[in-house]
Amino acid sequence: MTPAQHDEAAEVLFQAEQTGRQCGLLSLTYPGMTLDDAYAVQARLIARKLAAGRRKIGWKIGLTSRAMQDALKIDTPDSGVLLDDMAFENGATVPAGRFIQPRVEAEIAFVMKAPLAGADCTRADVLAATDHVAPSLEILDTRVLRVDPETGKARVITDTISDNAANAGVVLGAERHAPDAVDLRWTGAIVSRDGVVEETGLGAGVLNDPVTSVLWLARRMADYGQQIEAGDIVLSGSFIRPVEAPAGSRFTADFGPFGSVHITFD
């Protein structure tokens, strides 16, 4: 793809979100699209939003589970940018029509107290740079069609990365924990929709350790001249499958002693 095509694709995604009408698969429009192209489109999309007045508050890491990687035939996670208009208070209600096809995932969030980046970054560096960890829910949305109606082709990793890794919202629980005070591999959640348990999972589902996920992001960012900043929220990846969030649904993620998170969709 050319730089002009990166800009073109980013504008298509921006308009899809603004209008609430999904666009076609970018992987069909640009059949030779690479992962670098996809991240370039994402960067143009985020720049468009920042120019419109948004503010970066952190990062999300996706596709950290073996099941999701196998489904997309990849062997690496992806990442996207969290912006200030994506943050919802614990217990808040998402207004009707805010998202196109929202889904919910349970994650462990890292809130940073120091910058973090570099190819030589270590697990100890991640823990030292983390102020606290907290229970969270991520809201996903897709501005790209999940399946092309004419060809039956499903969206692929380049579609998802371009679309800011399907990023849409974040809800943090009130609880705060030192990152080395709990075993994050054994920290899990029971996720219920309208009082019915939909999914359960453990932190180990995220690359065997959520800390490893944050480490992956810090090292990857070195390739792009970026870094995790002090104050950033980093969503380390879901340890459950995405759960559909239709209008009128109520979600609770019970992390046991680690805390709880709630969100409702009008």
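These numbers come from a predicted model, not from an experiment. In what follows, residues are counted from 1 in the order of the sequence shown.
With contacts defined as side-chain heavy-atom distances shorter than 4.5 Å, the pair Thr29/Met1 does not qualify. The shortest side-chain heavy-atom distance between Pro135 and Glu175 falls under the 4.5 Å cut-off. The side-chain heavy atoms of Phe99 and Leu140, taken from C-beta on, include no pair separated by under 4.5 Å. Side-chain contact check for Trp216 versus Ser79: some heavy-atom pair is nearer than 4.5 Å. Using a 4.5 Å heavy-atom cutoff, the side chains of Pro3 and Arg44 are in contact. Contact check for His262 versus Asn90: side-chain heavy atoms found under the 4.5 Å cut-off. Side-chain contact check for Phe110 versus Val211: some heavy-atom pair is nearer than 4.5 Å. Under the 4.5 Å side-chain criterion, counting only non-hydrogen atoms from C-beta, Arg220 is not in contact with Pro77.
Listed for the Asn167 side chain is a donor-acceptor partner under 3.5 Å among the backbone atoms of Val81. Remark: the backbone N or O of Ser27 is not paired with any side-chain donor or acceptor of Thr158 at under 3.5 angstrom. No donor-acceptor pair closer than 3.5 Å links the side chain of Asn164 to the backbone N or O of Gly80. Proximity of a side-chain donor or acceptor of Asp141 to a complementary backbone N or O of Gln101 within less than 3.5 Å is detected. Judged by distance alone, the side chain of Thr93 and the main-chain N or O of Thr264 form no donor-acceptor pair under 3.5 Å. Side chain of Asp131 to main chain of Val111: no donor-acceptor pair is present (N/O by atom type, distance under 3.5 Å, no hydrogens or angles). Remark: side-chain polar atoms of Thr64 are not paired, donor with acceptor, to backbone N or O of Val206 under 3.5 angstrom.
Between Lys49 and Glu17 there is a salt bridge, with a side-chain nitrogen of the basic residue lying less than 4.0 Å from a carboxylate oxygen of the acidic one. Salt bridge annotation for Glu244-Arg146: present, with a cationic side-chain nitrogen under 4.0 angstrom from a carboxylate oxygen. The pair Arg123-Asp209 meets the salt-bridge criterion, since a charged nitrogen lies less than 4.0 angstrom from a carboxylate oxygen.
A donor-acceptor contact closer than 3.5 angstrom links the side chains of Asp37 and His6.
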**OP:** Please assess Asn208 against Arg185 for the test side-chain contact (heavy atoms from CB on, under 4.5 Å), listing each intermediate value before the final yes or no.
**Re:** CA-CA 7 Å; Asn208 194 37; Arg185 296 181 68 250; 2.9 Å; yes
Original post:
Does the side-chain contact (heavy atoms from CB on, under 4.5 Å) test come out yes or no for Val170 and Glu138, once each step is laid out?
Top reply: CA-CA 5 Å; Val170 54; Glu138 181 185 1; 5.7 Å; no
Original post:
How far apart are the C-alpha atoms of Trp59 and Val214, what are their side-chain angles, what is the distance that settles it, and do they pass the side-chain contact (heavy atoms from CB on, under 4.5 Å) test?
Top reply: CA-CA 10 Å; Trp59 304 86; Val214 181; over 6 Å; no
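The structure places CG of Leu137 at 7.5 Å from CD1 of Ile263, a figure rounded to the nearest 0.5 Å. Atoms CG and CD, on Leu217 and Gln226 in that order, are 8.5 Å from each other to the nearest 0.5 Å. The distance from atom CG of Asp78 to atom CD1 of Ile157, rounded to the nearest 0.5 Å, is 4.5 Å. Interatomic distance, Leu45 CG to Leu50 CG, rounded to the nearest 0.5 Å: 9.5 Å. To the nearest 0.5 angstrom, Leu215 atom CG is 10.0 Å from Leu207 atom CG. For the atom pair CZ of Phe265 and CZ of Arg250, the computed distance is 12.5 Å after rounding to the nearest 0.5 Å.
Hydrophobic clustering (ILVMFWY, side-chain heavy atoms < 4.5 Å, transitive): Val182 and Ile108 are in one cluster. Under the 4.5 Å side-chain heavy-atom criterion for Ile, Leu, Val, Met, Phe, Trp and Tyr, Val147 and Leu13 are members of distinct hydrophobic clusters. Cluster membership check: Ile46 shares its hydrophobic cluster with Ile161, using side-chain heavy-atom separations under 4.5 Å among Ile, Leu, Val, Met, Phe, Trp and Tyr.
Heavy-atom contacts from other residues, nucleotides or ligands closer than 6.0 Å to CD of Gln15 number more than 12. Enclosure of atom CG in Asp223 by more than 12 non-hydrogen atoms of other residues, nucleotides or ligands within 6.0 angstrom is indicated.
For Glu198, the side-chain hydrogen bond (donor to acceptor under 3.5 Å, both in side chains) partners at least two apart in sequence or on another chain are Arg193. When the salt bridge (Lys or Arg N to Asp or Glu O under 4.0 Å) test is applied to Asp159, no partner is found at least two apart in sequence or on another chain. Residues satisfying the side-chain contact (heavy atoms from CB on, under 4.5 Å) test with Asp85, not counting sequence neighbours, are Arg54, Leu83, Arg98. When the salt bridge (Lys or Arg N to Asp or Glu O under 4.0 Å) test is applied to Glu11, the partners found at least two apart in sequence or on another chain are Arg48. Taking Phe88 as the reference, nothing meets the ring-ring contact (aromatic ring centres under 6.0 Å, His included) condition, with sequence neighbours excluded.
Val144 and Gly24 make their closest contact through CG1-O, 3.7 Å (heavy atoms, listed as atom of the first residue, atom of the second, distance). Taking both residues in full, the closest heavy atoms of Ala134 and Gly173 are given as CB-O, 4.4 Å, listed atom of the first, atom of the second, then distance. Counting all heavy atoms, side chain and backbone alike, Gln42 lies closest to Ala165 at NE2-N, 4.1 Å. In terms of heavy-atom proximity, Asp148 sits nearest to Leu28 at CG-CD1, 3.5 Å. Across all their heavy atoms, Val133 and Ala178 have their closest contact at CG2-O, 4.3 Å. Across all non-hydrogen atoms, the minimal contact from Thr142 to Ile100 is O-CD1, 3.9 Å.
For the salt bridge (charged side-chain N to carboxylate O under 4.0 Å, His left out) with Asp232, the lone residue among Lys60, Lys113, Arg55, Lys56 that qualifies is Lys56.
Within the structure, ring-ring contact (aromatic ring centres under 6.0 Å, His included) contacts touching residues 155-177 (residues at least two apart or in different chains) are His177-Phe258.
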